[in-house]
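Just below is one structure, and these are the notes that go with it.
Values below: every heavy atom of this structure, side chains too, minus hydrogens, waters and symmetry copies. Everything numeric in this text was worked out from a predicted model, so none of it was measured. Sequential numbering from 1 along the given sequence is applied to the chain's residues.
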Amino acid sequence: MTKSKTYAVVDLEMTTPALDGTGRIIQFSCTFIENGKISDTFSTLIDPQCPIPPEVQKLTGIKNSDVSKAPLFSDVADTIYALLQDTVFVAHNIMQDYRFLNAEFERAGYPELELKGIDTVQLAQILLPTQPSYRLVDLGNYLGIKHERPHQADSDTYVTAELFLLLQKRLELLPSSVLQTLCNLSGSLLYDTAECFKEAYAKQRKKAQPLAKKWMQIEDLVILRPNFKTRDNIALTFPKTKEEQEQLFSGSIEWRDEQVKMMSTIADFFDDPNERRLLLEAPTGMGKTLGYLVPAAYASTQDKRIVISTATTALQAQLAEEIDLTLKNLFPFDLDVVVLKGNRHYIDLDKFWRSLKQPYNKNSRLLQMRLIVWLLQTKTGDLDELRLTTRQDPLFANIEHTGFDSLEPTSPFYRVDYLRLNEIAKENASFIITNHAYLLTHATDFKGNDLELIVDEAQNLPATVAKSVQQVLDFDEIKILCDSMLVKMESQISFSFEQLIEQSLLTKKQYHALLKDLQVLDHDMWDLRAAFMRRFLRFRQNGITEQPLTEKKFLGFLKEHYGVINKITRAYDGFLQQFAWLQKVFFKASRLEQIDQTATLYLLDFFRLASQLVTAFEPWQKLAFTDLEANQTKQLIWLSIAEQETAHLRLHFSYLDGADFLQSKVYPKFEHVLFLGAGLFTKQTHAYTLKQLDLPKDTRLLSYQGNFDYQKTLALIAKDAPNVGATENEEYVKYLAKTIYDLTAKNQCQTMILFNSLDELERTYEYLAVLGLTKEREVLAQGVNGSPEKLKKRFTLNQSQTAILLATGTFFEGIDLPEKLLELLVIVRLPFQAPNTLFNQVRYERARQVGDDPFTTLALPEAVLRLKQGFGRLIRTPNDRGAFVLLDSRILTKRYGKEFKQVFPDKLELRPVLTAEIPKLVADFLHDKQR
């Protein structure tokens with residue numbers, strides 16, 4: 001920060017942020033910074049000469065009466081204009097404030113400001129790269145800046161000024177070489193934000209300080225120096241007596257009888273060579289995670305590596321954090337933790353370094369700057385640390401890791417590659433934290449007789465088998481990719497492989513070999529597609545046609561077309577060899593700067609297509625005869641295609657559930673397997689749970705008691721809710737919308753409404769919009785407002801804690817919303833799966849073939865457990881209180897209703913009431929502070 005400059009930190013409150021001439025300023029505030037300190041402030045309300053919209057009044061707290069006697073903008077324009085002269089304009093989202101203010105000046109007859117400008121949003125994104133949110137209020141909370149009145153300009157400018165000062169200090173701590181790289185990339189930043197980096201670099205050059213020991217520089221990148229550890233722990237045993245246990249927990253962990261009982265059970269289980277599988281149900285709030293981490297940590301001191309598999313990558317991060325924050329206070333040594341995920345979660349340093357020399361758009365350049373600062377902090381190279389809701393920026397396609405096969409040993413980054421470091425670290429780790437999908441697809445990578453497996457959120461494991469192990473061969477995608485690559489190779493209009501030959505990157509012979517292999521893939525795969533269509537899909541129905549194939553029919557078809565399948569296999573193997581060789585040549589030429597920029601961009605795009613083709617071809621191995629002939633696959637195989645002429649033909653392979661896969665492919669890799677979850681079984685679903693987890697009937701199942709006071713919970717059932725099966729769908733959706741509107745209008749609290757169907761959810765949202773709810777409250781709807789991850793972030797960070805979330809699927813579990821983050825939970829119907837999907841049709845038919853009733857053995861237990869998981873979202877801590885509403889009367893009228901009632905705690909009263917009574921009952925309950 002230049003001392004001679006005056007920074008004017010500005011914020012406006014407006015009737016609308018639109019730059020269409022309809023918006024007016026209702027508050028102007030400015031905080032001045034001189035010599036690195038806040039020197040002065042100026043703030044005024046402004047009469048907009050028009051009504052302030054209700055949503056703006058609610059957001060800002062500024063009412064029409066507040067501005068009725070305030071000056072007009074034209075009355076204070078000269079003062080504001082004079083104050084801002086000879087300053088640098090700073091704002092949190094400068095594009096909005098600077099442009100809007102200039103528009104107001106122009107309307108008042110003043111010339112536009114021509115000030116230098118700095119955007120604190122972009123500065124924060126670069127210098128705080130792992131923040132979950134860059135809203136001013138969230139940044140203020142993270143940095144400990146007191147925010148008196150969020151969304152009022154005077155408070156916002158003070159917080160922005162403090163934020164700017166803190167960011168400047170962080171900027172000055174960056175290494176000189178990092179600042180130089182950031183300067184080179186900063187040209188695409190808004191206004192004059194780049195000058196912050198240039199000034200900091202100029203100061204660092206004068207200091208000429210050596211690079212701190214915690215960092216190391218490779219080429220133009222500075223990364224956190226890898227730190228390898230060996231295990232030299234003293235073997236410890238979990239304390240057996242209550243006195244020893246109390247001494248261990250004293251001052252660190254709150255004593256909970258059920259939690260300690262679970263710890264002792266797990267410790268004994270890991271020591272028992274005879275019992276290999278154990279299933280524990282631990283209710284929400286009893287401290288399940290710590291309950292297994294403590295005995296597992298003791299086991300890790302006895303030359304055991306503990307593999308923990310959980311449902312999502314987000315839960316992996318939470319586990320790693322809990323080990324770091326809690327267990328390190330209990331043990332006199334470090335517990336080394338390695339987190340394992342799929343390759344594409346990690347950054348490829350070599351590819352990222354090369355991306356810095358390639359042209360990208362402004363958003364990608366900003367992302368590169370964030371990544372450069374992040375590399376100073378990350379130990380893992382896990383891109384999830386950036387907390388992005390999506391990775392749609394084109395940069396990611398070029399920097400995500402694609403596995404060990406893509407590594408070039410001659411690269412300067414080879415020895416610090418994050419995948420390689422993870423492989424080394426996991427051999428000496430105390431804990432290896434992974435997710436179900438990774439565990440299932442990388443089971444063969446777990447080697448050694450010292451491995452113990454803990455399956456957390458075990459209820460998700462069978463569904464993950466069906467989802468993650470499923471492979472899809474898309475004939476049309478392969479055709480499109482081959483066509484694109486052939487056009488790129490043979491084009492005479494622009495750059496082509498002819499120019500690559502001229503630059504000596506490959507010979508004509510090599511070019512023709514690659515061309516021939518791609519032509520075979522392009523032509524013969526299309527012939528094979530046509531053969532599948534003729535044999536199995538001659539008659540196409542409306543919508544999507546799905547045709548199951550028996551393994552016998554499938555094997556017969558493959559034998560008939562052995563010649564073409566073998567030809568495609570040979571061509572694909574040849575393509576892989578040529579692709580790998582060309583990449584190697586390119587990387588070497590690129591490092592030696594022996595290839596021009598046009599050729600570089602051309603080949604990078606070709607490699608992108610080639611990588612997509614490799615991914616598309618992964619299921620091709622399923623066409624091997626050996627497994628099919630031995631009848632060992634026990635998989636569901638089916639074809640799918642939509643009715644459109646341009647629809648893709650897809651060949652699917654999937655296991656129906658965990659049976660026949662987990663016991664043979666996963667469990668044998670581990671000495672013991674411990675299963676845990678909060679919604680694993682009820683009294684009537686034991687058999688279902690064991691079958692889904694591929695466990696023998698004599699597997700021990702234990703359930704622990706929770707410690708929640710359910711008198712703080714209201715549970716209502718709409719006894720007059722429409723009969724789901726006998727009501728017209730449109731009338732049912734109208735009932736849901738009207739009930740939700742009445743319920744949320746009376747209760748201004750954080751609310752989640754869980755649906756079975758995304759279609760039903762979207763149509764309910766449309767009716768709620770017509771009723772006006774979307775204007776009165778922040779209503780987030782899955783499939784309407786964004787991805788599940790984005791909605792989770794917006795819902796949990798909602799400042800007013802009055803958001804309404806309409807959700808389905810993953811929101812029945814895996815989201816933690818304690819206290820004020822969720823006070824009202826509505827489940828619209830009993831969560832039965834749709835019976836008419838191909839997947840369920842096959843499952844149900846197989847159940848019938850062995851004499852089982854599909855409803856009682858599959859559909860009912862699945863729905864019961866899903867309701868249990870959904871209800872578990874409401875009460876997460878002993879201090880929680882909330883209301884639960886079920887808009888499905890079948891729990892009262894159907895014989896199977898008693899199965900669903902077992903889901904709820906014994907001390908919780910389920911009250912059948914009329915729908916019209918629900919809003920007031922919930923309001924009375926939530927407003928009763930004595931409960």
Side-chain angles (χ1 to χ4, degrees), residues 129-132 142 214 223-231 233 252-253 263 266 282 287-301 304-331 333-347 374-388 401 418-439 442 445-446 451-458 460 464 674 676-677 789 792-793 796 814-816:
T130 60
Q131 279 300 104
Y142 170 72
K214 64 179 178 179
I223 66 171
L224 200 62
R225 190 179 295 277
N227 184 16
F228 296 103
K229 297 179 181 179
T230 56
R231 297 174 69 188
N233 302 338
S252 299
I253 301 175
M263 290 180 184
I266 294 172
K288 173 196 66 174
T289 304
L290 200 60
Y292 68 74
L293 284 178
V294 171
Y298 276 97
S300 75
T301 70
K304 294 178 183 290
R305 288 181 293 159
I306 311 299
V307 178
I308 304 174
S309 180
T310 191
T312 65
T313 55
L315 288 173
Q316 286 181 261
Q318 291 177 28
L319 274 173
E321 185 177 354
E322 181 141 13
I323 291 172
D324 182 57
L325 294 178
T326 308
L327 294 192
K328 70 179 181 181
N329 295 323
L330 289 177
F331 297 96
F333 49 79
D334 290 334
L335 292 162
D336 295 324
V337 179
V338 172
V339 177
L340 296 182
K341 300 178 183 178
N343 296 332
R344 295 190 180 276
H345 287 273
Y346 299 92
I347 190 171
W374 170 67
L375 289 175
L376 298 172
Q377 308 167 10
T378 182
K379 297 178 181 179
T380 66
D382 181 356
L383 291 163
D384 290 342
E385 291 174 4
L386 297 173
R387 304 191 189 188
L388 299 170
H401 217 300
Y418 290 112
L419 276 192
R420 293 188 69 251
L421 295 178
N422 246 1
E423 278 297 301
I424 296 169
K426 82 175 187 181
E427 296 304 316
N428 292 301
S430 306
F431 287 97
I432 300 170
I433 302 176
T434 188
N435 57 74
H436 297 342
Y438 186 94
L439 174 71
H442 294 77
D445 294 344
F446 292 97
L451 293 168
E452 307 280 5
L453 175 62
I454 297 175
V455 182
D456 196 2
E457 304 296 333
N460 293 295
T464 310
L674 174 67
L676 298 111
E789 285 305 315
K792 284 179 186 179
K793 181 184 288 188
T796 55
I815 179 171
D816 195 21

Supply the atom-to-atom distance [X] [atom1] to [Y] [atom2], rounded to the nearest 0.5 angstrom.
X: L293; Y: L319; atom1: CG; atom2: CG; result: 6.0 Å
X: E452; Y: F431; atom1: CD; atom2: CZ; result: 11.5 Å
X: R344; Y: L383; atom1: CZ; atom2: CG; result: 11.5 Å
X: Q318; Y: T313; atom1: CD; atom2: OG1; result: 10.0 Å
X: T464; Y: E457; atom1: OG1; atom2: CD; result: 10.5 Å
X: L340; Y: T434; atom1: CG; atom2: OG1; result: 5.5 Å

Please tell me if the side chains of [X] and [Y] come closer than 4.5 Å, counting only heavy atoms from C-beta onward.
X: D445; Y: K426; result: yes
X: D456; Y: L315; result: no
X: N343; Y: L419; result: yes
X: Y142; Y: Q131; result: yes
X: K379; Y: L421; result: no

Quiz prompt | Set of ring pair (Phe, Tyr, Trp, His ring centres under 6.0 Å) partners for F446, sequence neighbours left out | solution =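 Per chain and number, F446 pairs via ring pair (Phe, Tyr, Trp, His ring centres under 6.0 Å) with F670.
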Quiz item: Are the side chain of T378 and the backbone of L375 linked by a donor-acceptor contact shorter than 3.5 Å?
Solution: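 Not confirmed, T378 side chain does not pair with L375 backbone.
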Self-check item: Sidechain-backbone polar pair: R387 side chain, T130 backbone, donor-acceptor under 3.5 Å
Solution: yes
Practice problem: Can you spot which of T380, D384, N422 makes a side-chain hydrogen bond (donor to acceptor under 3.5 Å, both in side chains) with K341? | Solution: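 Of the listed options, the one satisfying the test is D384.
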Practice problem: For the residue pair E322 and T289, confirm or rule out a side-chain donor-acceptor distance under 3.5 Å. | Solution: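 Short answer, no.
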Where is the tightest heavy-atom contact between [X] and [Y], given as atom of each residue plus distance?
X: A320; Y: V337; value: CB-CG1, 4.3 Å
X: A299; Y: K304; value: O-CB, 3.3 Å
X: P295; Y: L290; value: CD-O, 4.4 Å
X: H436; Y: N460; value: CD2-CB, 3.9 Å
X: A296; Y: I454; value: CB-CD1, 3.9 Å
X: V338; Y: A429; value: CG2-CB, 3.8 Å

Quiz prompt | Residues which pass side-chain contact (heavy atoms from CB on, under 4.5 Å) with L330, listed by chain and number, not counting sequence neighbours | solution = L248, S252, I253, V294, L327
